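In the text below, chain A, chain B and the rest are named by the order of the sequence lines, each starting its count at 1. In this text the structure is predicted, and so the values were computed from the model without any measurement.
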2 protein chains.
Amino acid sequence: MTKTTALQGGVALWRQIADAIRLDIVGGKLVTGDRLPTEAFLAERFSANRHTVRRALATLAEEGVVHAEQGRGTFVRSARRLSYPIGKRTRFREGLRGQAANLVSTSLGDRLENANTRVADALDLRIGAKVVRTEGLSLADAVPVSRSTTWLDYRRFPDFAGRMAEMQSITAVFASYGIADYARASTRISSRHADAEEAKVLHLAPGAIVLVSEAVDVDPEGRPLSYALSRFPAERMELVV
Amino acid sequence: MTKTTALQGGVALWRQIADAIRLDIVGGKLVTGDRLPTEAFLAERFSANRHTVRRALATLAEEGVVHAEQGRGTFVRSARRLSYPIGKRTRFREGLRGQAANLVSTSLGDRLENANTRVADALDLRIGAKVVRTEGLSLADAVPVSRSTTWLDYRRFPDFAGRMAEMQSITAVFASYGIADYARASTRISSRHADAEEAKVLHLAPGAIVLVSEAVDVDPEGRPLSYALSRFPAERMELVV
DNA sequence: TATCATTTGTCCGTATGTATT
DNA sequence: CAATACATACGGACAAATGAT
C-alpha cells in the first residue's frame with residue numbers, strides 16, 4: 001500500500017497533498033491562525049513520506065496560504081474565500097463590496113473583432129458583425145480574483161473600452177450610454193484548469209482550477225448588452241446563486 | 001525552449017495537453033466525428049514530443065473522448081456536456097430530461113449522524129441534532145454525472161433513506177411526506193480536484209475537476225428541507241443559472 | 001495491382017523529476 | 001545528503017494500416 005508509485009495520474013503527490021490542505025483551509029475546516037497538524041501526522045494521513053509533505057507545505061507557504069515557524073509549527077495565514085452572488089441583478093463590484101476593502105478593476109487591452117458563432121449568438125448579432133472585445137482583471141485587496149473577457153456590439157458601444165478604462169465599472173459605463181438598469185439573462189458555469197496566461201495574471205500555480213462563467217446581460221427591453229467570459233480562481237472565489 | 005523539464009508545477013505535460021484537447025472538445029471547438037490534428041502537429045503546437053502527445057491522446061481514448069485509428073487519424077468520439085439548470089425550482093431529473101435517454105440514481109448507503117455546524121446552520125437545527133445522511137450517485141446513459149450527499153432532519157424524515165432507495169427521486173419522497181412543492185433557497189458553487197473516492201465512483205482520472213454545489217431546498221413556508229452537497233464532473237457537466 | 005505519402009503503433013535508448021528509505 | 005525505484009519527457013527508427021495515385 002504505502003509502496004511508492006511516484007506519479008501515476010500525471011499529478012505529483014506533493015501537489016495532491018497541497019491541494020487537499022488548501023481545500024481544508026478555503027473550505028473552512030482550518031481558519032486563519034490555526035496550527036496545521038505536524039508534518040509527521042500529515043505524512044501518516046496522506047500515506048506519504050514527510051519529505052513529500054514538506055514539499056507540499058513549501059508550495060503553500062510560497063502561495064502565502066500557510067506560514068511555518070521553526071519549533072512551533074505551521075500556521076494558516078489566509079483562509080478567506082470570497083463569495084460572488086449571481087442573480088437577476090448581478091453586479092460585480094456591489095457583490096464583492098464588504099468582503100474586500102479594496103476592489104480594483106484594470107483593463108488588459110481591447111480590440112475590435114468580428115463576432116464568432118458563440119458571441120454572435122449571445123449578443124443576437126450576425127456572425128462576423130463588428131464587436132468590441134475588452135480584457136480585464138480584477139483584484140480584491142491586491143489579490144487577483146477575476147480575469148474576464150467581454151464582448152459588446154460595436155455599433156451600440158463604440159467607445160466602450162475607453163470609458164471602461166476611465167470608470168472601472170460596467171454599470172457606470174452602461175449608465176453613460178443611457179442605460180439606467182440592466183439584468184442578467186443567463187449564466188453558464190463550468191470549470192477547468194487555468195491556462196498559462198490565466199495562471200500568470202491570476203497568480204496561480206500551473207494546474208490550478210478556475211471557475212468559468214459565461215454571462216449575458218440584457219437591458220430592460222430584453223436586448224443583449226454584453227457577453228462576458230469570466231474566470232475566477234476556484235481557490236479564492238465561490239459563486240452563490 | 002524545447003529543452004525538457006519533465007514536470008512543472010507538479011502537473012505532467014501529457015496531462016496538461018490532455019486537458020487542453022479535452023477543453024477544445026467540450027468547449028465546442030471540436031465536435032463529434034471531427035478528426036484531431038496529427039500527432040506531429042499537436043507535438044509542434046504544444047512544444048512537446050510526439051510520445052508525450054500520444055500519452056495524452058491515450059488518456060483521452062481511455063476516457064472515451066477520442067478514438068484513434070491507425071493510418072487514418074484520431075477522432076472525437078463524444079463531445080457532449082450536459083447542462084444542469086439551477087433556479088428557484090431546481091429538479092435534478094427534470095433538469096436533465098431530454099439530454100439523456102436514461103437517468104439512474106442509486107444510493108451508496110445512508111446513516112444517522114449528528115449535525116455539524118454547517119449542516120445545522122443550513123437546516124436550521126441545533127448542532128448535534130439527529131440528521132439522516134444519504135450518499136447517492138446519478139448516471140446519465142450509464143455515465144456518472146453526479147455524486148451527492150444529502151442531509152435531512154431525522155425527526156421530520158425518519159425513513160427518508162428507505163423511501164429514496166425505492167422511489168429514486170427526491171421530489172417523489174418529499175411528496176410521500178405530504179410536501180407537494182419545494183423551492184431552492186440558495187446554491188453555492190465552487191470547484192476543486194476530485195478526491196480519491198469521487199474519482200473512483202465518477203470514473204474520473206486522478207486530478208480531474210469537480211464542480212461542487214451546496215444547495216438548500218425549502219418548503220413553501222420557507223423551512224429548510226434538505227442540505228445537499230453535489231459533486232459534478234466538470235468535464236461532463238455545466239451548471240446554468 | 002503496385003507504389004507512395006500520410007498517419008498511427010511499437011521499439012530502442014537517455015536524461016531528469018518524483019518519492020521512498 | 002545519500003541510494004534506489006519508478007514516472008515523465010525526449011529523440012530516433014521502423015512497422016503497420018489507410019487512402020490515393
Side-chain angles (χ1 to χ4, degrees), chain A residues 1-22 37-63 70 74 193 195-196 199 205-208, chain B residues 1-22 24-25 30 32-78 193 195-196 199 204-208:
Chain A
M1 272 306 124
T2 322
K3 247 321 124 81
T4 160
T5 44
L7 290 222
Q8 81 252 58
V11 183
L13 182 54
W14 63 262
R15 166 156 283 279
Q16 298 181 43
I17 293 172
D19 289 342
I21 294 174
R22 195 191 299 102
T38 64
E39 292 173 353
F41 183 93
L42 290 169
E44 176 73 18
R45 170 179 160 194
F46 293 108
S47 308
N49 193 276
R50 200 178 134 236
H51 297 304
T52 311
V53 170
R54 283 180 61 74
R55 172 100 192 242
L57 291 176
T59 310
L60 293 174
E62 240 177 59
E63 291 175 18
Q70 191 165 141
T74 305
H193 288 113
D195 67 25
Chain B
M1 281 296 122
T2 322
K3 247 331 111 82
T4 162
T5 45
L7 292 221
Q8 319 112 290
V11 182
L13 181 55
W14 65 261
R15 167 157 283 281
Q16 299 179 43
I17 294 172
D19 289 342
I21 295 173
R22 195 192 298 103
D24 282 348
I25 293 174
L30 292 165
T32 306
D34 278 1
R35 208 192 75 172
L36 298 184
T38 65
E39 294 172 350
F41 183 94
L42 290 170
E44 176 73 17
R45 168 178 161 193
F46 292 109
S47 306
N49 192 274
R50 185 166 80 97
H51 297 298
T52 310
V53 169
R54 284 181 56 74
R55 174 85 193 257
L57 292 175
T59 312
L60 293 174
E62 243 177 57
E63 292 176 16
V65 177
V66 302
H67 168 243
E69 291 180 37
Q70 187 166 152
R72 300 223 309 134
T74 305
F75 301 84
V76 177
R77 173 165 276 175
S78 90
H193 288 113
D195 67 26
L204 293 171

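Put simply, the side chain of Ser47(A) never gets that close to the backbone of Ala43(A): no donor and acceptor are under 3.5 Å apart. In this structure, Gln16(A) contributes its side chain and Val11(A) its backbone to a donor-acceptor pair below 3.5 Å.
Atom pair Arg72(B):CZ and dT8(C):C1' shows a separation of 12 Å (rounding to whole Å applied). Atom CZ in Arg50(B) sits roughly 13 Å away from atom P in dG11(D) (whole-Å rounding). Atom pair Leu42(B):CG and dC10(D):P shows a separation of 14 Å (rounding to whole Å applied). In this structure, Glu44(A) places its CD atom 12 Å from P of dT20(C), rounding to the nearest Å. Rounded to whole Å, the distance from CZ on Phe41(B) to P on dT6(C) is 15 Å. In this entry the distance linking CG of Leu13(A) with C1' of dC6(D) reads 13 Å, nearest Å. Note: NE2 (His67(B)) to C1' (dG9(C)) measures 13 Å, nearest angstrom. Following rounding to the nearest Å, Trp14(A) (CH2) and dT20(C) (P) show an atom-to-atom distance of 14 Å.
Taking 4.0 angstrom as the limit, Thr52(A) places none of its side-chain polar atoms (N or O) nearer than this to OP1 or OP2 of dT18(C). The side chain of Arg55(A) contributes no N or O atom lying less than 4.0 Å from OP1 or OP2 of dA19(C). Put simply, Asn49(B) has no side-chain N or O that comes within less than 4.0 Å of OP1 or OP2 on dA9(D). Phosphate proximity of dT8(C) to Arg54(B): absent, as no side-chain N or O sits under 4.0 Å from OP1 or OP2.
Among the protein residues, Arg35(B) comes within range of the sugar-phosphate backbone only, with heavy atoms under 4.0 Å from sugar or phosphate atoms but none that close to a base.
Annotation: side chain of Leu36(B) is in contact with side chain of Leu57(B) (closest heavy-atom distance under 4.5 Å). Put simply, the side chain of Ile21(A) reaches to within 4.5 Å of the side chain of Phe46(A), judged on heavy atoms. Within the 4.5 Å cutoff, the side chain of Arg50(A) has no heavy atoms near those of the Glu44(A) side chain.
The base of dG9(C) does not come close enough to the side chain of His51(B) for any donor and acceptor atom to sit less than 3.5 Å apart.
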